[in-house]
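Working notes, beginning with the structure itself.
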Amino acid sequence: MNVYTEQERQALEVGCLVKAGLTQPLGQMPQGSVGRILAVSGMGDHDVERGLLEMGFVEGACVEVLHYGLLGRDPLAVRINQSMTVALRQVEANIVLVGPLLDPTGPGTLSSQEQNG
Amino acid sequence: MSAATLTADTPRKIQIALVGPPNCGKTTLFNTLTGGRQKTANYPGVTVERKSGQLRTPVGHSVELLDLPGSYSLRARSPDEAITRDVVLGRQTLEGLPDAVVCVTDATNLGQHLRLLLELRQLGRPLILALNMMDIAEQRGCQISIETLSKQLGIPVVTTVAMRKHGVQDLLGEIDTLLDQAPTTAGTATTDEWQEPSPDAIRAYHREVERLLKEAVIQEGAPERLTRQLDRVVLHPVAGPLILLSILFLMFQAVFSWAAIPMDWIDGGMAALQEAASARMVDSLLKSLLVDGIIAGIAGVVIFLPQILILFLFILLLEDFGYMTRAAFLMDRLMSGVGLNGRAFIPLLSSFACAVPGIMATRAIAHPLDRLTTILIAPLMTCSARLPVYILLIAAFIPNTTVWGGIGLQGLVMFGLYAIGVVGALLAAGILRLTVLRGNRQALLMELPSYKWPNPTNVLLGLWDRAKIFIRRIGTIILSVLVVLWFLSTFPGAPEGATEPAIYYSFAGIIGRGLEPLLAPIGFNWQIAIALVPGLAAREVAVAALGTVYALSGNEEAVTEALATTLASQWSLATALALLAWYVFAPQCLATLAAARRETNSWRWPAFMFVYLMALAYVAALVTYRVALALGGG
């Protein structure tokens, strides 16, 4: 049967979003902007991928770019799910693909916290 | 404690390991639980600190509590985290499997920190979850159902506020309950099957955490605001580096000015001791050994204790406050330019006090090449042991005048020596990463924790640890070097009708004269050559050695006059500058080489360190001497 595997389907979806200009690598986001992580793929490098996942960069997490360094916008500080701030370099940040916040009241976003709190 | 004490006839001590991510307040909880009754040693084979303390539970179990290095995951990325993994899995030969594990998490950051707990739960060992910093979470309006969380996880959950001893009784009670249920013998080897989680396994853990929190969190807390606002200034691309520079400036100011008063006390005390010993003893070899060799030598070293403690006070405060990771963030770009990691900033900063703790602190750097580079350049940071040499030579040869409208020339030279060390270190790192240590870089990936007030107990215990290390060093390496030096410079005595001072004929004189042809091109005389022989063991000993050389040279004025005056009259400016340049680079510290040996687990890298630094020192001194001569400094 010629059906897509789950991974292939996800890859296609992400690819369409990139083409439509709706996603961007984490390191390219404007300072102060928010988004939701669509994909984290170490492109075969499991160590970088696992490192990112362990620091909270996981699909579905809400990210906010807080600060960029002076030279070459490197490194950057990113707030994950409004609870933890992580510093990382452009090289690793660009492995993380970020899409728009389609549901601004979803988990880990500013408005969800403000509604509750 | 050695493995031998854990024999069958003595009942095995109950061991409980404290595990948790960095910055979750684990160390504070450890200090509260053990009440400061703790021992610091090293794990065999590595210099990762093994911190353990004793506590007695309400029921009366005597427990040894182990404080393991902070870790986000059992998949260890650095030597530090490897210890945590090995102890938890029972792979550390010294420990055996801990009887129970207490997983400490930051209640304000459960979404990220619970994953480690799930990894630990997978091992099937007795486990307790401590939700720490619960007070902060509650202040932010966060409500968590402990019962639900405990039921969902299937393990006991307690809330603690480590800084105020809240919940500690609850935690001890749970430990008792667990110990009475659990088999008291070390567990079976189920943990041998443990494997590193795959990326998808980590994703599954994340989903499980999300599910758990959906069940257990009644109300989410408001996000932290103060840290965000502070970071807007502290991490600002322009203001941030300026703040960092001001903090460093304040730190070095404090090291020099605040330390002056206690240093005067120590100086006075040691002088009085020397006088007392001198007056009470009859002239003999023993008196010479005690007064000229040991007391004078130790006085020259112990005087730096205040400066080391002030530097470490700053480092510990900044670390506890949460600023150190911000400094690493600000420095990362600059340091990645020469192939280093921003995290190397903290070990390098510690190296300004002493390269030994600096080299030990590199174990938090995960990547082996990054770590090795940091170890190799750490001795180029101007450690406090160089200060006596710098202070002595600057006082003797640099006029106490001001330049450019009020900047002291002596201070400027001192600053210059620090700057040469830093620039030299950065250049050395760049060259090393392009040659012998070529390879890919490590990811930065570093949590920037919320700011918090430093905990006085943590800071004081940390300072006490540093003081102990320094004093132990004086009592062992430096003391034995002083005795050997005294022996070398006293025997054999001068022959009948000698024309030169007695030391000229001693073993030290023979070695010094042997080295003189090698050191003559860089402007060093035989007295310097003699002082450098013991100075190879520890830098600061060279001052004491120079004192000994000139005092024992029969030069009566040297005893009464300041050593500085003697040197100013006997050395050329070019020689003094060359010796300063030599001191910026020369690897004259056995303890540093030994620490590098322990950390790299081979003699290859300390040998390499010794050779490249020695070559740098020789070239630097040669260039300085020749340039100074050409400019009329002879």
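Letters A, B, ... mirror the listed sequences (proteins, then strands); counts begin at 1.
For D231(B), the parts sitting under 4.5 Å from any heavy atom of chain A are the backbone and the side chain alike. In this structure, the portions of F329(B) lying under 4.5 Å from any heavy atom of chain A include both its backbone and its side chain. For L76(A), the part sitting under 4.5 Å from any heavy atom of chain B is the backbone (N, CA, C, O) and nothing else. Contact of V58(A) with chain B is made through the side chain alone, with heavy-atom distances under 4.5 Å. The parts of V40(A) that come within reach of chain B are both its backbone and its side chain, each placing non-hydrogen atoms under 4.5 angstrom from that chain. Looking at S198(B), only its backbone comes within 4.5 Å of chain A, counting heavy atoms on both sides. Heavy atoms of L445(B) lying under 4.5 Å from chain A belong to its backbone as well as its side chain.
For the set R326(B), E224(B), E196(B), the count of heavy-atom pairs under 4.5 angstrom toward chain A peaks at E196(B). Among M55(A), E54(A), M84(A), E49(A), the residue with the largest count of heavy-atom pairs under 4.5 Å with chain B is E54(A). Annotation: maximal heavy-atom pairing with chain A below 4.5 Å, among P237(B), P199(B), G240(B), occurs at P199(B). Chosen from G141(B), S73(B), P21(B), the residue pairing most often with chain A at heavy-atom distances under 4.5 Å is S73(B). For chain B, the option among L66(A), L53(A), V86(A), L88(A) with the highest count of heavy-atom pairs below 4.5 Å is L53(A).
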Kindly determine whether R228(B) and Q82(A) satisfy side-chain contact (heavy atoms from CB on, under 4.5 Å), including the steps that lead there.
CA-CA 11 Å; R228(B) 274 184 80 116; Q82(A) 285 294 309; 4.0 Å; yes
Just do the salt bridge (charged side-chain N to carboxylate O under 4.0 Å, His left out) check on D47(A) and R75(B) with the steps written out, would you?
CA-CA 10 Å; D47(A) 265 359; R75(B) 189 181 71 90; 3.3 Å; yes
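Side chains of E447(B) and T85(A) form no contact here, defined as non-hydrogen atoms less than 4.5 Å apart.
At distances below 3.5 Å, not a single donor-acceptor pair connects side-chain atoms of R89(A) with backbone N or O atoms of D332(B).
Remark: F57(A) CZ to H206(B) NE2 distance equals 10.5 Å, nearest 0.5 Å. Here the CG-CG distance, from L70(A) to L334(B), works out to 10.5 Å after rounding to the nearest 0.5 Å.
A pairwise comparison of heavy atoms in G72(A) and R333(B) identifies CA-NH1, 4.2 Å as the closest pair.
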